[in-house]
Amino acid sequence: MGSSTQMSAKDRIIALLDENSFVEIGALVTKRNTDFDLKQTDAPSDGVITGYGLIDGSLVYVYSQDATVLHGTIGEMHAKKIVRLYDMALKTGAPVIGLVDCAGLRLQEATDALAGFGEVYFKQTLASGVIPQFTAVFGTCGGGSAVSAALSDFTFMPKSNAKLFVNSPNALEGNFTAKCDTASAEYQAAAGVVDVVMEDEAAVLTGIRTLVSVLPANNEAEAVVDCLDDLNRAVSFDALYADPAKALADLSDNNFYFEVKAEYAKEMVTAFIQIDGMTVGAIANRTAVLDDNGKTTDKFDAVLTAAGCEKAAQFVKFCDAFGLPVVTFTNVNGYKATMEEEKSIAVAAAKLTAAFAGATVAKINIVSGIAYGSTYIVMNSKHIGADMVFAVEGAKIGMMDAGLAAQILAADKNAEERADVKKAYDELQNSAESAAKRGYVDAIVSADSLRQHLSYALGMLYSKRDNQPAKKHSTI
């Protein structure tokens, strides 16, 4: 299907679900309001098709807005149908998938429409962390609908024919669509609002099916399948230090790899992989983006940024809510040092620290390159709760680069003496061996054996229980 082709609301559901599995609910529901000539306007299903079906044999609930009925606008009964869907999803513990193509709130219904939309928001917040929520934007998703999309766990968009915005591009002072289309998938993905951008509608629906199939149905379910891959196979980690996305795909069962927010804060990778049939949340520092031919298309410093911390913290919270183990690949030597970053990096790093420390799922950290200063602590170190820490042979863990340390420790000495101090500092304070001797690293492993070590560690931590202090919630 070409990117210019748009499906109907019903066709999208049929393409999303297993064959002949969709059961519609509330097909006869329609508007009650008759103001402003609405009485004369036909509104089948009040502009939204709702029901349930299967994805890979598992129950899901789905609603699909119909732009041919009152432009897909959300009125009182339209919203009530979605609310009813959420009620059933919460009772049965199954995901909700929203297929959005909506011109916004129905002006003729005013406060009734607003009340209904507020109830949708409320149900989404109640469902957060209980059942996975997915939104796919196929047409217009503006104003309050954009907030609803952000309340879901994952938002998908095709590259064209879809718009997501709170304020339209033409409503932004000094801007217009031709200058900068702030509603486009490209813009919203780069801003971190959209999680996955795909070529066309068919690809989006396939992507949702893939992600639903590897995630648990609810916060009490598991995401484990039979592993058909060799647990002991060696893996190639040529790209480990630069683009861990390539290494993660090689590490995963049958090379399964599903990255989210790929266009946002590219220096931090967040993706789902599978180890021994278990879905795992993987987080990694990245210093380069490599294309399929191994060519570098983008480069980054080995630093934490505010956006990267926010991105990783949100991902950790999702994994923790749904019982998915978290594996981090640490390669970082400090924080990005710019005036703009200084405005928010402390708060963002605090959020990431709190996310790791507060997560009760299995947590494994792999120091794949360098781990210096407090950024080492923030990236899921043993000091903030990691259950197991591995270091790849040759990894460095310490306060700072040995050369910089020598300039401070041997400031009054000559160059030869400073070189001796540098060498000693590197061996005594910056090596993975020195960290392991202090118990901060559990094992130093070869890169090609990581799959084996991860499968063993995850199996050992499968029954982990972590009782933290009783509290309503963190304030961080």
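The chain is numbered in sequence order, starting from 1. No experiment lies behind these values; they were computed from the predicted model shown.
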Chemist: Would you check if Leu59 and Thr92 make a side-chain contact, meaning some heavy-atom pair closer than 4.5 Å?
Modeler: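 When only atoms from C-beta onward are counted, Thr92 and Leu59 do touch, with a gap below 4.5 Å.
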
Chemist: Within the 3.5 Å criterion, strictly below it, is a donor on Asn380 or Thr328 matched to an acceptor on the partner's side chain?
Modeler: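 Side-chain D/A pair, Asn380 to Thr328: present.
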
Chemist: Is there side-chain contact between Leu231 and Cys227, with at least one heavy-atom pair below 4.5 Å?
Modeler: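 Heavy-atom side-chain distance check passes, below 4.5 Å.
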
Chemist: For the aromatic rings, using the six-membered ring if either is Trp, is the centroid distance between Phe315 and Phe272 under 6.0 Å?
Modeler: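 Ring centroids of Phe315 and Phe272 are less than 6.0 Å from each other.
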
Chemist: Does any donor atom in the side chain of Asp291 or Thr297 lie under 3.5 Å from an acceptor atom in the other side chain?
Modeler: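 No pair is found: no donor N or O on one side chain lies under 3.5 Å from an acceptor on the other.
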
Chemist: Under 4.0 Å between a side-chain nitrogen and a carboxylate oxygen: does that hold for Asp442 and Lys382?
Modeler: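 Result for this pair is yes, salt bridge flagged.
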
Chemist: Val327 versus Ile366: any side-chain heavy-atom pair under 4.5 Å?
Modeler: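 Yes, at least one pair of side-chain atoms sits under 4.5 Å.
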
Chemist: Using atom types as modelled and distance alone, determine if a side-chain donor or acceptor of Gln65 lies under 3.5 Å from a backbone N or O of Asp101.
Modeler: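 Yes, because the side chain of Gln65 sits within donor-acceptor range (under 3.5 Å) of the backbone of Asp101.
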
Chemist: Any chance the side chains of Tyr264 and Gln188 put a donor and an acceptor closer than 3.5 Å?
Modeler: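 No, because no side-chain N or O of Tyr264 sits under 3.5 Å from a partner of the opposite role on Gln188.
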
Chemist: Using distance alone, with no hydrogens and no angle criterion, decide if Ser449 and Ser446 have a side-chain donor and acceptor under 3.5 Å apart.
Modeler: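 There is such a pair (donor and acceptor under 3.5 Å, judged by atom type) between the side chains of Ser449 and Ser446.
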
Chemist: Do you know which two heavy atoms are closest between Leu151 and Gln133, and how far apart they sit?
Modeler: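 For Leu151 and Gln133, the tightest heavy-atom pair comes out as O-NE2, 4.2 Å.
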
Chemist: Got more than 12 heavy atoms from elsewhere within 6.0 Å of NZ, Lys464?
Modeler: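 For Lys464, atom NZ is crowded (more than 12 foreign heavy atoms under 6.0 Å).
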
Chemist: Pairing donors with acceptors under 3.5 angstrom, does anything connect the side chains of Glu267 and Thr287?
Modeler: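 No, because no side-chain N or O of Glu267 sits under 3.5 Å from a partner of the opposite role on Thr287.
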
Chemist: Does some side-chain heavy atom of Thr140 sit less than 4.5 Å from a side-chain heavy atom of Phe165?
Modeler: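 Touching, per the 4.5 Å side-chain cut-off.
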
Chemist: Quiz question: by atom type and distance under 3.5 Å, do the side chains of Thr305 and Glu341 form a donor-acceptor pair?
Modeler: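 There is no such pair (donor and acceptor under 3.5 Å, judged by atom type) between the side chains of Thr305 and Glu341.
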
Chemist: For the residue pair Thr155 and Ala149, what are the closest heavy atoms and their distance?
Modeler: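 What the structure gives for the nearest pair is OG1-O, 3.1 Å.
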
Chemist: I'd like to know if Lys336 pairs up with Asp301 as an ion pair, taking the criterion as any Lys NZ or Arg NE/NH1/NH2 lying under 4.0 Å from an Asp or Glu carboxylate oxygen.
Modeler: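 The answer is no: the pair does not qualify as a salt bridge.
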
Chemist: Any donor-acceptor pair under 3.5 Å linking the side-chain atoms of Tyr335 with those of Glu342?
Modeler: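 On atom types as modelled, these side chains do not qualify, holding no pair under 3.5 Å.
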
Chemist: Would you call the rings of Phe256 and Phe258 parallel, tilted or perpendicular, taking 30° and 60° as the class edges?
Modeler: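 Judged by the thresholds at 30° and 60°, the geometry between Phe256 and Phe258 is parallel.
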
Chemist: Determine, for Asp195 against Lys261, whether the closest basic-nitrogen to carboxylate-oxygen distance falls under 4.0 angstrom.
Modeler: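 Yes, this pair counts.
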
Chemist: Please report the C-alpha distance between Tyr257 and Glu259 in whole Å, then the side-chain angles of each, then the deciding distance to 0.1 Å, and finally whether the side-chain hydrogen bond (donor to acceptor under 3.5 Å, both in side chains) criterion is met.
Modeler: CA-CA 6 Å; Tyr257 178 79; Glu259 187 171 354; 2.9 Å; yes

Chemist: What closest approach, in Å, do Lys311 and Met268 show between heavy atoms, and which atom pair accounts for it?
Modeler: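 Closest pair (atom of Lys311, atom of Met268, distance): NZ-O, 2.6 Å.
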
Chemist: Have Tyr121 and Glu119 got a donor and an acceptor in their side chains that come within less than 3.5 Å?
Modeler: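 Note: Tyr121 and Glu119 side chains miss the donor-acceptor criterion.
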
Chemist: Take atom CG in Asp230; do more than 12 heavy atoms of anything else shown fall under 6.0 Å from it?
Modeler: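 More than 12 within 6.0 Å, yes.
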
Chemist: Salt bridge check: are Glu199 and Lys159 linked by an N-O gap of less than 4.0 Å?
Modeler: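 Yes, Glu199 and Lys159 are salt-bridged.
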
Chemist: Looking at side-chain heavy atoms only, is the closest gap between Asp292 and Lys246 below 4.5 Å?
Modeler: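 Result yes, sub-4.5 Å side-chain heavy-atom pair found.
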
Chemist: Between Arg451 and Asp253 (salt bridge meaning N to carboxylate O under 4.0 Å), is one present in this structure?
Modeler: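 A salt bridge links Arg451 with Asp253.
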
Chemist: Looking only at non-hydrogen atoms, find the nearest pair between Ala355 and Ala313 and report the distance.
Modeler: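 Heavy-atom minimum between the residues: CB-O, 3.9 Å.
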
Chemist: Is it true that Asp229 and Arg233 make a salt bridge, defined as a side-chain N closer than 4.0 Å to a carboxylate O?
Modeler: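 Here Asp229 pairs with Arg233 in a salt bridge, since their nearest N and O are under 4.0 Å apart.
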
